[in-house]
Amino acid sequence: MNMKKVFLLTLAVVMIVSLFAGCGQQTNTGDVETLTMATNAAFPPYEFYENETIVGIDAEIAGKIAEKLGMKLEIIDTEFGSIVAGVQTGKYDMGMAGMTVTEERKASVDFTSSYATGIQSIIVTEDSVIATLDDLAGKKIGVQQDTTGHIYAADEFGDEMVIPFNKGADAVAALKTGKVDCVIIDNEPAKSFVQANQGLKILDSDYAVEDYAICIAKENTELLEKVNKALEELIADGSVKAIVDKYISAE
Ligand code: ARG
């Protein structure tokens, strides 16, 4: 092999190697990692549609978390009851849906610190004979499928008294047409459903007080730590409160 051939061969090898190196570099710096969040966007003011976009308290907090993590947030709307299993099996990175921390869910997924409180409320028609929790015995109770409201109502009043709906708004529609006698749902969505419909009220009695948190797969401890740190910073610097105030006072 003469010097010229050696030179050309070396040049070709260098070019090919740098071509591949270049590609590698581009995937490292060009692509931002995606953070997928499963939710059920029928739960105002935590998550709901504004035109085609999912907005709300959870969507905004998650956006800020993703920003802190240098990731791109992707929100996936699914049935509430499929979120925990989807997170557990790694289909979604996290679940954020005004989701109450419960012992049962904790057996399947881990939770971050809590960022909000929920209270189970009872919605009735303005002329209802139901005045307190005790009056619910023997009444038809509408709930959103697989929520804590569903679980409590079934435990306390019997499965046969409970009618689950895909969305809280569908349970409220059934209340208006008399298909159910009341709806048990979290207080903030309850307020927004009552505001959006005429002839409904929320009973004074607080039913159950709960903590909302983000769920993450048990084996994904690295992400849990990162998300938790970001969330705690956002709570400490007042960002979470500002987001909550924006949606809850603007209602
Ligand atoms: N807090 C209740 C629960 O965890 C209801 C949450 C419903 N959330 C929703 N996005 N639909 O069961």
Side-chain angles (χ1 to χ4, degrees), residues 36-50 53-63 65 73-88 91-123 141-157 159 162-175 182-194 196 202 206-216 240 243-244 247-248 251:
T36 53
M37 159 187 157
T39 196
N40 170 255
F43 200 69
Y46 291 95
E47 42 266 334
F48 56 100
Y49 280 92
E50 216 170 67
T53 316
I54 298 172
V55 297
I57 294 169
D58 289 346
E60 282 203 30
I61 295 174
I65 291 172
L73 180 70
E74 188 191 338
I75 302 179
I76 298 150
D77 188 14
T78 184
E79 278 178 13
F80 183 75
S82 68
I83 298 173
V84 168
V87 167
Q88 188 182 18
K91 192 170 172 193
Y92 317 115
D93 295 324
M94 64 183 208
M96 190 173 191
M99 186 183 285
T100 303
V101 179
T102 68
E103 287 308 314
E104 205 199 350
R105 290 172 186 160
K106 268 162 80 175
S108 315
V109 287
D110 278 345
F111 282 95
T112 61
S113 302
S114 176
Y115 62 90
T117 302
I119 302 168
Q120 291 301 312
S121 295
I122 303 161
I123 311 175
I141 305 168
V143 295
Q144 186 187 6
Q145 174 104 41
D146 296 320
T147 60
T148 48
H150 183 183
I151 298 160
Y152 299 152
D155 282 354
E156 248 166 275
F157 302 102
D159 230 354
V162 180
I163 305 182
F165 294 86
N166 220 353
K167 295 175 180 175
D170 296 342
V172 170
L175 174 63
C182 69
V183 171
I184 297 181
I185 195 158
D186 304 48
N187 57 326
E188 288 304 333
K191 280 194 229 164
S192 79
F193 292 142
V194 166
I202 297 170
D206 287 354
Y207 192 1
V209 180
E210 316 179 318
D211 290 325
Y212 291 171
I214 302 168
C215 68
I216 293 176
V240 166
I243 293 169
V244 169
Y247 280 95
I248 292 184
E251 267 190 306

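When a ligand or atom number is given, it counts from 1 through the structure's own listing order.
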- Note on the structure: Note: D186 and Y212 closest approach over all heavy atoms is OD2-OH, 2.5 Å
- Can you check whether I54 reaches Y49 side chain to side chain, under 4.5 Å on heavy atoms? yes
- Item | Side-chain donor or acceptor of Y247 paired with backbone N/O of G56 under 3.5 Å | yes
- Contact summary for M96 and D58, nearest pair of heavy atoms: SD-O, 3.6 Å
- Query: Does F80 offer a backbone N or O that forms a donor-acceptor pair with the side chain of D146 under 3.5 Å?
  - Reply: no
- Task: Check each protein residue for a heavy atom under 4.0 Å from ligand 1 and list those that pass, ordered by chain and number.
- Result: N40, F43, E47, F80, A97, G98, M99, T100, R105, Q144, T147, T148, D186, E210, Y212
- Message: Would I185 and T147 count as a side-chain contact (heavy atoms from CB on, under 4.5 Å) here? Give the steps.
- Response: CA-CA 8 Å; I185 195 158; T147 60; over 6 Å; no
